[in-house]
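Owing to the predicted nature of the structure, the values given are computational and were not obtained by experimental measurement. Both counts, for ligands and for their atoms, begin at 1 and track the order of listing.
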Amino acid sequence: MELTDTVWEIIKSNSNVCDGKVWYGVKSTKIFCKPSCPSRIPNKSNVLLFTNLDDPVKCGFRPCKPCQPINELVSDEIWVAEINYILESYYDQDLTLSELALLVHGSPSHLRHVYQSKTGLSPSKKLMQIRMDKATKLLQSTKRPISDIANDVGIPNNSYFIKIFKNIYGITPHQYRAKHPN
Ligand SMILES: [Zn+2]
């Protein structure tokens, strides 16, 4: 269904007049909501409209935790999958806990608590793991300067990047590259 101005106004105003008839998915986060969901208003260009509740799930969208678009409690496991999707998609950006919480429709403290209890890691630790994992792949597969790679994985501060890298792998990025020629 096309996103008409009327439906867009309903989504923006969190009105419940269309609840149960249409659902909207946000392409950038792969989360879908009821029109009345009070979460942050997405970019209009990222919005996909569904008129059948089976469709968002078929298209790979996951239900929003606060608004429960399938009228079932969203499990912590599904929420953790949503959080992981966002971490994997936006690791290269300045992703703070509060920004992450906005993207996955929760409060920062609740997010940290649920994530930690389900995975044993804090979201920021998981984000750092993803960044370092991407960095090792770039070190092996490219000849790009370390500072470029640091920037590419979301850590613009090169010396901070080197410090964290060394903490995790016990060697510097230069040494890592020398040990793992492609
Ligand atoms: Zn929602």
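For the salt bridge (Lys or Arg N to Asp or Glu O under 4.0 Å) condition, the pairs that include at least one residue of residues 41-63, sequence neighbours left out, are Asp5-Lys44, Asp55-Lys58. Note on residues 41-64: pairs passing ring pair (Phe, Tyr, Trp, His ring centres under 6.0 Å), not counting sequence neighbours, are Phe50-Phe61.
Here CD of Gln68 is found 10.5 Å from SG of Cys37. Values are rounded to the nearest 0.5 Å. To the nearest 0.5 Å, atoms CG (Asn14) and NZ (Lys34) are separated by 12.5 Å.
Protein N/O/S atoms found under 2.8 Å from the Zn ion (ligand 1): Cys33 SG, Cys37 SG, Cys64 SG, Cys67 SG.
Ion pairing of Lys134 with Asp92 is absent here, as no side-chain N (NZ or NE/NH1/NH2) approaches a carboxylate O to less than 4.0 Å.
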Pair up each side-chain donor or acceptor in residues 96-106 with any protein partner under 3.5 Å, not counting sequence neighbours, and list the distances.
from	atom 1	to	atom 2	distance (Å)
Thr96	OG1	Ser98	OG	3.4
Thr96	OG1	Glu99	N	3.1
Glu99	OE2	Arg40	NH2	3.3

